[in-house]
Structure formats: structure tokens, C-alpha cells
Amino acid sequence: MPESKIGFYGHVKQYHNLKAEIDHAILDVLESGSYVLGPQLVKFEEELAAYMNTREAVGLNSGTDALLLVFLALGLGPGDEVITTSNTFFATAEAIWLAGATPVFVDSDPKTRNIDVTKIEAAITPKTRAIVPVHLYGLPANMRAIANIAKAHDLFVVEDCAQAIGARGDQFAIGELSDAVCLSFIIQKNLGCFGDGGAVATNNRDLAGEIRKLRNHGSLKRSFHSVGYNSRLDDLHAAVLRVKLKRVDEWSDRRRQIARLYDQGLAEAPMALPSAPPGYEHVYHHYVIENEDRDRLQTYLDSKGITALTHYPIAIHQQEGFPWGRGARLTSLPVTEKSAASVLSLPMYPELTDREVERVIEEVLNWSANRQAFRQQAV
Ligand SMILES: Cc1ncc(COP(=O)(O)O)c(C=O)c1O
């Protein structure tokens with residue numbers, strides 16, 4: 001019997017594993033009649049703040065709005081520059097731009113693929129107001145170095161933690177060395193609801209208060225408004241996230257186990273494998289290999305029923321339409337550009353079985369061993 005397909009995401013399996021608890025939580029919300037800014041959101045925010053070890057957490061409709069509302073609440077806008085990485089999902093830079101500020105990209109570190117902290121100082125100008133590191137693929141950026149630079153130049157630090165809930169740095173926690181942490185709960189994230197969701201975690205109560213206002217049409221009290229947005233996290237999502245938040249650490253452990261299997265199985269394969277600096281706890285939102293022939297490898301895996309995806313094949317500064325006006329500086333970012341041309345994310349989710357991981361490894365090794373032959377066949 002042919003083996004079944006190995007998809008890229010495991011959220012339906014995850015739902016089946018938790019079905020009774022999730023169905024119960026959803027039905028409770030439906031019966032309660034409180035769907036917006038209700039008790040489930042309040043409880044989730046308390047539980048999330050406790051998990052993140054921050055004073056406050058504010059539930060929002062997406063990770064994108066989490067970034068945007070933090071930037072607006074910090075007063076960033078036209079004329080301001082925000083240093084970030086181009087090796088990330090588009091929303092990181094998009095939110096800076098939507099706030100009216102200008103993203104300034106710094107190249108990524110070839111080992112961690114996170115922002116190269118040795119290149120940040122050179123990008124600082126009198127207009128720089130903030131640094132936005134992204135904890136790419138689930139590995140925290142070097143927050144100690146970033147916080148030191150920010151302190152020396154009086155800059156805000158906002159962590160894009162859309163991919164890294166539960167990760168830790170070497171003797172620092174996410175949220176400890178920044179003004180705010182932005183999270184995404186879109187279904188495929190390590191903590192995902194059934195659709196879109198996000199949050200900001202912060203130790204700054206004033207900032208949290210401002211974001212609570214901005215998410216709700218500038219209002220904390222019925223009928224009293226200043227300008228804001230409709231960016232709330234629904235109670236249905238909050239109830240589901242409460243069920244799942246309890247499992248995030250267990251899921252991160254399983255992700256690390258799978259990463260170890262890939263590390264061991266692919267150690268001799270002709271490709272760069274992910275790694276974490278000593279003392280860091282990676283949560284492997286994605287397991288990303290690099291190989292200059294990745295398109296062929298991706299096609300080969302697909303022919304074997306295995307879905308691998310690219311994160312991110314076009315760097316943001318190379319997206320059509322960049323620099324989006326407002327004087328953004330175009331620079332070449334060779335490490336990021338090389339990654340864009342060679343990254344491939346293998347299936348990675350807690351519900352993968354060891355046998356499925358072995359099958360992915362076998363096929364990657366098979367492709368590697370017969371690469372020349374496959375290439376000639378394709379000509
Ligand atoms: C690094 C990064 N930043 C921001 C976002 C935006 O989050 P959302 O899709 O919830 O708006 C995402 C994910 O989608 C992401 O991966």
C-alpha cells in the first residue's frame with residue numbers, strides 16, 4: 001500500500017487530538033452570547049501575560065495589527081526610520097510602512113538567519129526611532145546585543161515574535177529586553193486559533209492601555225472615542241487559544257525532537273541545516289534547510305507526496321514596488337538574498353510521526369544521492 005501524503009501543516013490533526021475540549025470551549029462561548037471583548041478574551045489575556053511573564057497582554061485580530069498598533073502607540077510615523085530585517089514575512093515591514101515610518105533593512109546573520117547585530121549600528125541615523133528584530137523560524141534574535149544598541153541610541157525595541165512563542169534566548173526571555181512583543185495566532189503558527197489572531201505582550205502598562213484603545217475605535221468606554229481601529233481578538237478565538245496555550249511547551253518539545261531527527265538524518269546531506277547558538281531554545285516554527293538546488297528538491301519531494309514550502313523566496317527589499325516611497329534606502333543584502341534563493345522548509349509540526357519524519361529524511365537523502373541523475377532527467 002502506498003504511504004500517505006505528508007502535508008506541511010498539522011492543525012487538523014491537532015484539532016482532532018483536542019476535539020472534545022475545543023468543541024466544548026466553542027459551544028460554551030456560543031451559548032454565553034458574549035463574543036466580542038467578553039470574558040474569554042479577558043481570561044486569555046491574563047493567561048497569556050502569565051505565560052509570557054509580562055505585566056500585560058492585549059488580544060488582537062492579527063500579528064500584523066499587533067505590530068501596527070504598537071508602532072502607533074509608540075508614536076512612530078512619517079519621518080521616522082525603523083531598523084528591521086528583510087528576511088521575514090512581509091507583514092513586519094508592511095506594518096512599519098502602514099504606520100507611516102520607513103523600514104531600513106539590515107542583512108541577516110548567515111548562521112542564525114536573524115538580524116545581523118554587527119550591522120545595526122551602521123544603519124542608525126538621526127531619524128532612527130526603533131529596532132524590530134524578528135525571531136525567525138522560532139529562534140530568538142540576539143536580544144542582549146540589540147537591547148544594548150537600543151539603550152546607547154535611545155531607541156524602542158519591538159520584538160516580532162509571530163513565529164517564536166515559547167522560545168528562549170541565552171539567559172534572556174522574550175519580552176524581557178524590549179518595549180513590546182508581537183504575537184500571531186494565525187492557524188499555522190505554533191499557537192494557532194481557527195483563523196486570524198494576534199496579541200501584544202508588554203511590561204509597559206501605559207502602552208498596553210493605548211493598544212487596548214487603538215484596537216477598539218479609540219475607546220475604553222462605551223460611546224467615548226478617539227481614532228482607532230477594529231482590531232479585537234474574538235472570544236471564540238480566545239477560548240480556543242486558552243485550550244491550546246496549555247500545550248504549547250509540550251508541542252515545542254516535540255518540535256525540538258523532530259528537529260533532532262532531521263539534524264541526525266540529514267547530517268551528511270549536502271545542505272545547510274538550522275542551528276541554535278548555545279543556550280538558546282529554538283521552537284522550530286519551521287525547519288529550514290538551504291540548498292542552491294532547492295526548487296528541484298521541492299519538486300522531487302512533491303512527487304513523493306511530501307509538501308515542502310519556501311520561507312521566504314523573495315526578500316522584502318526585492319518585492320515589486322519596494323521602496324514604497326518615503327525615501328527608503330535600497331541596499332544590497334547578500335546573505336538575505338542568498339537565503340531567499342536557497343531556503344526550503346521541511347514539514348514540521350508536533351503531530352508528525354517519527355515514521356513520517358524518517359520518510360522525509362529518506363527522500364531528501366535519495367534526492368541528494370541521485371541529484372545528478374534527477375537533473376539530467378529534467379533536461
Ligand atoms: C514574522 C511574522 N511577522 C508578522 C506576521 C503577521 O502575522 P499575522 O498573519 O497574524 O497578521 C507573521 C505571520 O503571519 C510572521 O510570520
Side-chain angles (χ1 to χ4, degrees), residues 8-9 11 44 48 57-72 82-99 101 103 105-106 108-109 112-115 130-141 143 146 157-167 174-175 178 180-201 211 214-215 229-234 237-238 240-241 244-245 255 274 282-288 309-317 319 336 339-340 343 345 348-349:
F8 194 75
Y9 298 118
H11 49 262
F44 173 62
L48 182 64
V58 184
L60 298 167
N61 62 338
S62 67
T64 306
D65 277 22
L67 290 159
L68 174 61
L69 299 197
V70 170
F71 300 150
L72 295 175
V82 177
I83 291 176
T84 190
T85 164
S86 179
N87 194 9
T88 175
F89 179 60
F90 187 71
T92 313
E94 180 185 35
I96 295 170
W97 185 66
L98 286 173
F105 298 118
V106 165
S108 37
D109 177 285
T112 65
R113 293 149 172 153
N114 279 322
I115 191 166
I131 307 174
V132 180
V134 178
H135 306 316
L136 194 70
Y137 308 144
L139 176 67
M143 288 302 298
I146 291 165
V157 179
V158 179
E159 295 175 76
D160 183 335
C161 187
Q163 304 187 358
I165 189 165
I174 287 173
S178 67
V181 180
C182 298
L183 298 148
S184 165
F185 305 129
I186 189 170
I187 178 67
Q188 67 265 27
K189 292 290 191 262
N190 290 23
L191 173 63
C193 58
F194 294 123
D196 279 303
V200 171
I211 293 164
L214 282 170
R215 75 173 172 186
Y229 296 79
N230 179 347
S231 302
R232 303 168 298 229
L233 179 71
D234 292 324
H237 288 314
V240 170
L241 289 166
K244 293 193 184 186
L245 181 62
R255 285 174 181 274
H282 203 318
V283 290
Y284 292 97
H285 175 55
H286 295 310
Y287 187 93
V288 180
L309 297 179
T310 47
H311 301 89
Y312 295 92
I314 307 173
I316 298 178
H317 66 287
Q319 289 287 343
T336 300
S339 281
V343 285
S345 312
M348 166 56 84
Y349 42 90

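If you're wondering where the values come from, they're calculated on a predicted model, not measured in any experiment. Just so you know, ligand 1 is whichever comes first in the structure, and atom 1 is the first atom listed for that ligand.
When heavy-atom distances to ligand 1 are checked against 4.0 Å, the residues falling inside are Ser62, Gly63, Thr64, Thr88, Phe89, Ala91, Thr92, Val134, Asp160, Ala162, Gln163, Ser184, Lys189, Gly197, Tyr312, ordered by chain and number.
Applying side chain to side chain contact (heavy atoms under 4.5 Å, CB included) to Val200 and the options Leu67, Leu69, Ile211 leaves one that passes, Ile211.
By the side-chain contact (heavy atoms from CB on, under 4.5 Å) test, Ser62 is found to be paired with Thr64, Asp65, residues two or more places apart in sequence or in another chain being considered. For His285, the side-chain hydrogen bond (donor to acceptor under 3.5 Å, both in side chains) partners two or more places apart in sequence, or in a different chain, are Asn190.
The closest donor-acceptor contact from the side chain of Glu159 to the backbone of Val181 lies at 3.5 Å or more, if one exists at all.
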Could you list the donor-acceptor pairs under 3.5 angstrom formed by side chains in residues 182-189, with sequence neighbours left out?
residue, atom, partner, partner atom, Å
Ser184, OG, Ile186, N, 3.3

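Between the side chains of Thr336 and Ser108, at least one donor N or O lies within less than 3.5 Å of an accepting N or O.
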